[in-house]
Amino acid sequence: MTTQTDFVPPLQADTRYAFFFDVDGTLAAIKPRPDEVSIPAQALDDLKRLAHRCEGAVALISGRPIDQLDALASPLVLPMAGVHGAERRDSEGHITRIALDPDTVRTLNRELTSALAALPGTTLESKGMAFALHYRQAPEHQQAVEQLAEACIARFPELVQQPGKCVVELKPRGVNKGAAIDDFMQQPPFAGRVPVFIGDDLTDEAGFTTVNALDGISIKVGAGPSNARGHLSDVAAVYVWLEQARLKLDEDVLTSERS
């Protein structure tokens, strides 16, 4: 990995793009609690216009479940990969989910709830097929949370650990944002386009790797090493880029119509 400077490859007039966006830390500023997060109305409007220009080839790729993503993106209804790709909704509205054994879910819910209760300030977010162990409000418990996650992985080999910003997630093995993007790229309206993916976290690195392999544009938001080839400094810079990308596509369409 290399540390990126502020740079995003320009969009080309003669290229058809497919856009993929992480949410927390990318389209929405990170907050102390996940339920405090929101996407500004202007950003949603730019996403709507971008999707129109790209014939619907705009998707959200997030660790959040689809129902939470719908609430954040409302009134937009976009293709989405939730829980890092464990659930996915295509452009026609069809939803597919990877399920864990119900006994495993019940056991982990019970044991993780009990274990985190002994670590004040930590919280458990159960997503049905994945579990997020948050310690943003109790960073002193990071090591204990990581050890708890490692113990769960040792007992349940169908799960893998996914570290993030002040969170450790337990998710089904083989699920990641790169695989989710690859699945989208094999179906309309994404197929045949050049992928663009913007994310900010370790959970987004698999997506950057997939997009790089497809000769697309990968963009890391914020500081830190990354496999992404482009960089934006913060969420505010993402909003500026999103508006510019939308205006660029509007301009290209108008130029094409005049010629």
Within-4.5 Å side-chain heavy-atom neighbours: [X] and [Y]:
X	Y	value
Met129	Val83	yes
Met185	Phe20	yes
Lys48	Pro75	no
Asp45	Gln42	yes
Glu125	Gln68	yes
Lys171	Leu159	no
Ile217	Arg229	no
Leu242	Phe21	yes

Say you draw a straight line from [atom1] of [X] to [atom2] of [Y]; how long is it, rounded to the nearest 0.5 Å?
X	Y	atom1	atom2	value
Asp250	Glu243	CG	CD	10.5 Å
Leu133	Leu148	CG	CG	5.5 Å
Ile198	Trp241	CD1	CH2	4.0 Å
Phe190	Ser91	CZ	OG	6.5 Å
Met80	Leu60	CE	CG	4.5 Å
Leu247	Leu11	CG	CG	11.5 Å

Checklist entry - Using a distance-only test with no angle check, is there a side-chain donor-acceptor pair under 3.5 angstrom linking Asn109 and Ser126? => result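 On atom types as modelled, these side chains qualify, holding a pair under 3.5 Å.
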Checklist entry - Have Asp22 and Ser62 got a donor and an acceptor in their side chains that come within less than 3.5 Å? => result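 Asp22 vs Ser62: no donor-acceptor pair found between side chains.
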Nearest heavy atoms of [X] and [Y], plus distance in Å:
X	Y	result
Phe131	Leu108	CE1-CD1, 3.6 Å
Val168	Ala149	CG1-CB, 3.6 Å
Val8	Ile219	CG1-CD1, 3.5 Å
Ala180	Ala81	CB-CB, 3.7 Å
Ala132	Lys127	CB-CE, 4.1 Å
Leu249	Cys54	CD2-SG, 3.3 Å

ILVMFWY cluster, [X] and [Y] together (side-chain gap under 4.5 Å):
X	Y	result
Val160	Ile98	no
Val58	Leu69	yes
Leu119	Leu170	yes
Ile181	Val194	no
Leu78	Leu72	yes

Item to check | Contacts of Gln187 that satisfy side-chain contact (heavy atoms from CB on, under 4.5 Å) - sequence neighbours left out | outcome: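 If we apply the side-chain contact (heavy atoms from CB on, under 4.5 Å) test to Gln187, skipping adjacent residues, the hits are Arg88, Asp90.
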Next on the checklist: If the condition is ring pair (Phe, Tyr, Trp, His ring centres under 6.0 Å), which residues does Phe208 pass it with, not counting sequence neighbours?
Outcome noted: Phe197
Item to check | Gln161 and Glu169: CA distance, side-chain angles, deciding distance, side chain to side chain contact (heavy atoms under 4.5 Å, CB included) verdict | outcome: CA-CA 6 Å; Gln161 185 178 163; Glu169 298 201 44; over 6 Å; no
With no hydrogens and no angle check, is any side-chain donor or acceptor of [X] less than 3.5 Å from a backbone partner on [Y]?
X	Y	value
Thr107	Asp103	yes
Thr122	Leu116	yes
Tyr239	Leu27	yes
Ser218	Asn212	no

Item to check | Neighbour count above 12 (heavy atom, 6.0 Å) for Gln143 CD | outcome: no
Where at least one partner belongs to [range], residue pairs that pass salt bridge (charged side-chain N to carboxylate O under 4.0 Å, His left out), sequence neighbours excluded:
range	result
residues 58-67	Asp24-Arg64
residues 185-204	Glu55-Arg193, Lys165-Asp200, Lys177-Asp204
residues 109-120	Glu111-Arg155

Checklist entry - Which of parallel (below 30°), tilted (30 to 60°) and perpendicular (above 60°) describes Phe19 and Tyr17? => result tilted
Checklist entry - Ion pair present between Glu36 and Lys31, side-chain N to carboxylate O less than 4.0 angstrom? => result no
Checklist entry - Do Arg49 and Asp46 meet the salt-bridge criterion of a basic N to acidic O distance under 4.0 Å? => result no
Next on the checklist: Suppose the criterion is ring-ring contact (aromatic ring centres under 6.0 Å, His included): which pairs have a residue in residues 48-92, not counting sequence neighbours?
Outcome noted: none
Item to check | side chain to side chain donor-acceptor pair (under 3.5 Å) partner of Ser226, chosen from His231, Glu205, Lys220 | outcome: Glu205
